[in-house]
Amino acid sequence: MPLLETHALTASYGDFQALFGIDISLEEGETLAIIGANGAGKTTLMRSLSGVLKNEPGSIGYRGEAIGALAAPDVMSRGIAMVPEGRRLFPSLSVEENLLIGSYGRKATGPWTLESIYALFPILKERRRNPATALSGGQQQMVAIGRALMSNPDVLLCDEISLGLAPVVVRDIYAAFPRIRETGAAIIIVEQDIAQALKVSNRVYCMMEGRITLSGEPCDLDRDAIHKAYFGAD
Ligand code: ATP
């Protein structure tokens with residue numbers, strides 16, 4: 001049985017339907033990438049998985065439990081943590097306070113503590129007393145990732161962590177992923193940069209207009225198939 005799976009998952013904003021019957025699965029320790037153009041529904045899928053959007057109870061399974069109707073704190077307390085699009089740090093709090101907030105709401109021991117987050121992203125230790133807003137975009141993204149890790153999650157959901165960051169900064173952030181994977185966590189990343197997505201993941205799903213249009217292992221996907229799944233028919 002997969003660690004996390006969706007069954008014909010749908011989602012709507014009022015009358016507007018954003019997801020149409022999504023079936024995905026995530027195995028223990030796997031890194032999945034979800035790619036797709038603007039508006040394909042990637043963020044909506046992440047919000048559904050993290051409980052920010054409520055779903056039909058049976059539409060999401062986690063360790064055999066139907067979690068689709070759970071609220072975000074209850075999803076988080078079971079070990080699914082989200083790095084949201086736009087980071088959503090608490091601007092008036094320090095880096096360290098932002099990190100500590102991530103550990104509230106889940107009583108789990110594991111590899112992630114303030115010290116191990118600081119070892120992963122040493123710049124955050126130097127900046128730990130600064131307000132989060134005093135940091136660069138890349139450093140803020142490190143705080144957002146660190147905050148999610150502080151709950152010692154079994155599943156880490158990362159929504160567009162490279163958005164708006166310089167390539168060299170993106171490289172520094174993705175350099176942390178092998179260490180995160182080593183702890184056994186499964187990861188889902190939403191990524192608009194297809195090359196980056198193929199590089200870091202074991203498996204990729206492509207979305208278009210609220211549907212999965214392609215899935216497979218990076219080595220099995222050719223450029224034409226990805227292009228078609230991403231943009232539609234030529
Ligand atoms: P992006 O890369 O731009 O974040 P995405 O693939 O993450 O795109 P979503 O943000 O999930 O896509 O949006 C899917 C669809 O739902 C889009 O058509 C979007 O306009 C719509 N949508 C998203 N959020 C809302 C909302 N709060 N209210 C109404 N419609 C929304």
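The analysis underlying the following values was restricted to heavy atoms, covering all of them including side chains, and did not include hydrogens, waters or symmetry mates. One-based numbering, in listed order, for ligands and for the atoms of each.
Atom 3 (O) of ligand 1 is approached by the protein to below 4.0 angstrom, counting heavy atoms only. Distance check on atom 19 (C) of ligand 1: every protein heavy atom falls at or beyond the 4.0 Å cut-off.
For ligand 1, the atoms closer than 4.0 angstrom to any heavy atom of Glu85 are 4 (O). Every atom of ligand 1 is numbered from 1 in the order shown, and the set under 4.0 Å from a heavy atom of Asn38 is 1 (P), 2 (O), 3 (O), 8 (O). Contact atoms of ligand 1 toward Ala18: 16 (O) (distance under 4.0 Å to a heavy atom of the residue). Each of the atoms 6 (O) of ligand 1 lies under 4.0 Å from some heavy atom of Ala37. Atom numbering of ligand 1 starts at 1 in the shown order; those under 4.0 Å from a heavy atom of Ala40 are 5 (P), 6 (O), 12 (O).
Nearest protein heavy-atom neighbour of atom 11 (O) of ligand 1: Thr44 OG1, 2.5 Å. In terms of protein heavy atoms, atom 12 (O) of ligand 1 is closest to Gly41 N, 3.1 Å. Shortest contact from atom 31 (C) of ligand 1 to any protein heavy atom: Tyr13 CD1, 3.2 Å. The protein non-hydrogen atom at the shortest distance from atom 17 (C) of ligand 1 is Gly39 O, 3.7 Å. Given atom 10 (O) of ligand 1, the protein heavy atom at minimum distance is Thr43 CB, 3.6 Å.
Enclosure of atom CZ in Arg88 is not indicated, since only 12 or fewer non-hydrogen atoms of other residues, nucleotides or ligands lie within 6.0 angstrom.
Checked by distance only, ligand 1 and Phe16 stay at 3.5 Å or farther apart across all their nitrogen or oxygen atoms.
Scanning all heavy atoms of the two residues, the minimum distance from Leu9 to Ser59 falls at CD1-OG, 3.5 Å. Across Met46 and Val190, no two heavy atoms sit closer than the pair CG-CG2, 3.4 Å. Between Pro84 and Met82, the closest heavy-atom pair is CD-O, 3.5 Å.
In this structure, a donor-acceptor pair under 3.5 Å is absent between the side chains of Tyr230 and Gln192. With no hydrogens or angles considered, no side-chain donor-acceptor pair links Gln17 and Thr10 at under 3.5 Å.
Counting only non-hydrogen atoms, the option in Gln17, Lys42, Gln192 that gets closest to atom 5 (P) of ligand 1 is Lys42.
The only option from Gln196, Glu191, Lys199 that meets the side-chain hydrogen bond (donor to acceptor under 3.5 Å, both in side chains) definition with Tyr174 turns out to be Glu191. Residue Asn202 forms a side chain to side chain contact (heavy atoms under 4.5 Å, CB included) with just one option from Thr31, Ile187, Leu32, and that option is Thr31.
For an aromatic pair to be called close, the ring centres must be under 6.0 Å apart, and Phe16 with Tyr13 fails this.
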Quiz item: Is there a salt bridge (charged side-chain N to carboxylate O under 4.0 Å, His left out) between Glu65 and Arg78 once you walk through the steps?
Solution: CA-CA 10 Å; Glu65 182 190 6; Arg78 282 164 172 73; 2.9 Å; yes
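Heavy atoms of Glu160 found under 4.0 angstrom from ligand 1 belong exclusively to the side chain.
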